[in-house]
Amino acid sequence: MQVTISDAIRYIGVDDKDIDLFESQYVVPEGVSYNSYVILDEKIAVMDTVDARGMEGWEDKLLQTLNGAKPDYLIISHLEPDHAGSIGRMVELFPEVKLVASAKAIAMLPQFFEDRLDAQEKIAVKEGEELSLGTHTLVFYMAPMVHWPEVMVTYEKSEKVLFSADGFGKFGALSLTENEDWACEARRYYFNIVGKYGMPVQTLLKKAAGLDIETICPLHGPVLKENLGYYIGLYDTWSKYEPENKGVLVAYASIHGNTAKAAKKLADMLRAEGVEKVVVSDLAREDMAEVIEDAFRYDRMVLCAASYDGGVFPCMQDFLNHLQSKAYQKRTVGILENGSWAPCAARTMKTILSTMKDVTIVEPTVTIMSTMKESDYPAMEALVNAIK
Ligand code: FEO
């Protein structure tokens, strides 16, 4: 797919439409793009490489764009293999290319490449350091933990372009998602991949606020050129762990369908009370990453789960463990449990929730025994009133 940035700044990234699971964990029905760029000037810089899965297509684009010229620099923003996977090929093609990266990234290179890059000239850049290519000037800003410790972003001064590494990335091959809304898959990407690192993202946003940015070139997803305040605003909300919308996620973990019935009834009761938005998710069947996205998107959540083996049904445990590891916080949560002889799901859920910052559990906790009955409605109504 043709992506246009400018005469001098060219896109040489590739779409991966066949990948089954990104990072071996996220379903990506529309694939993913691995973005890489070339800046053509007196000196030529290549901005990151691509996953080994896309190496051939990337190499073709690289050689075509260079048109016989040799790149002077390979700028390495991030060493995760979805971007660094073709560095080995880059240095085979251009043994004289200088590797430009943070000191941390340079120190990490042998972990991935052993001694294969030992002979390569390397330039460890510091915060604010500049590299002139001619009319273009690169300025480097460290962005540790957005999403790995060695990450840096690069600002090109003359065209006001921010090469933002994983920041502002999105799932979806570019050729399959050209007209797609950005926020949905960018949000799922953000909370599942970068979500734990809200503070480092805030630090990066503060640095970005001091720059005059006209274009954002991320390592995944579309190049962003217009309405940049919208994207930056969403990143600000997300990285502060503030809810984006008012609403209630009702997430349920049901073995035989009885807890599901109670969850759906609760959702109807919430809707009847005029709650702005109610989203119901089956944790056993739906994409966990999507449910995590919704948990962060809305300000409230009701967890409905069956008891199981002295704890909670595993998909709920898995969900809560994921939320915990992604630093879920600043939200209000209601709980409904089901049990046939010794209900214990609520206790287990509360134990995990208690480890999270600023999570308020509303009362009452509702307990149903095997199936929801009319006699359960008053407690359910009380829960709805507490969280509506
Ligand atoms: Fe797209 Fe953290 O790699």
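Numbering of ligands and ligand atoms starts at 1, following listing order. Quick caveat: nothing in here was measured; it's all calculated off a predicted structure.
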### Residue list, ring pair (Phe, Tyr, Trp, His ring centres under 6.0 Å) with Y190, at least two apart or on another chain
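Counting only residues at least two positions away or on another chain, Y190 forms a ring pair (Phe, Tyr, Trp, His ring centres under 6.0 Å) with Y235, W238.
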### Message
Taking the basic N atoms (NZ, or NE/NH1/NH2) and the acidic carboxylate oxygens, is any pair closer than 4.0 Å for E59 and R89?
### Response
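Yes.
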### Query
Hey, is K240 close enough to D236 for a salt bridge, meaning N to O under 4.0 Å?
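Yes, K240 and D236 are salt-bridged.
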### Query
If you leave out waters, which protein N, O or S atoms are less than 2.8 Å from atom 1 (Fe) of ligand 1?
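Atoms qualifying: D82 OD2, H83 NE2, D166 OD1, H220 NE2.
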### Query
Side-chain donor-acceptor pair under 3.5 Å between S36 and K61, yes or no?
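Their side chains do not contain a donor-acceptor pair, so the 3.5 Å distance test is not met.
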### Task
Indicate whether the side chain of S239 and that of Q202 have a donor and an acceptor atom separated by less than 3.5 Å.
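The criterion, which ignores hydrogens and geometry beyond distance, is satisfied for Q202 and S239.
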### Task
For the pair T367 (side chain) and E337 (backbone), establish whether a donor and an acceptor sit closer than 3.5 Å, ignoring hydrogens and angles.
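No, the answer is negative, given that no donor and acceptor are paired below the 3.5 Å cut-off.
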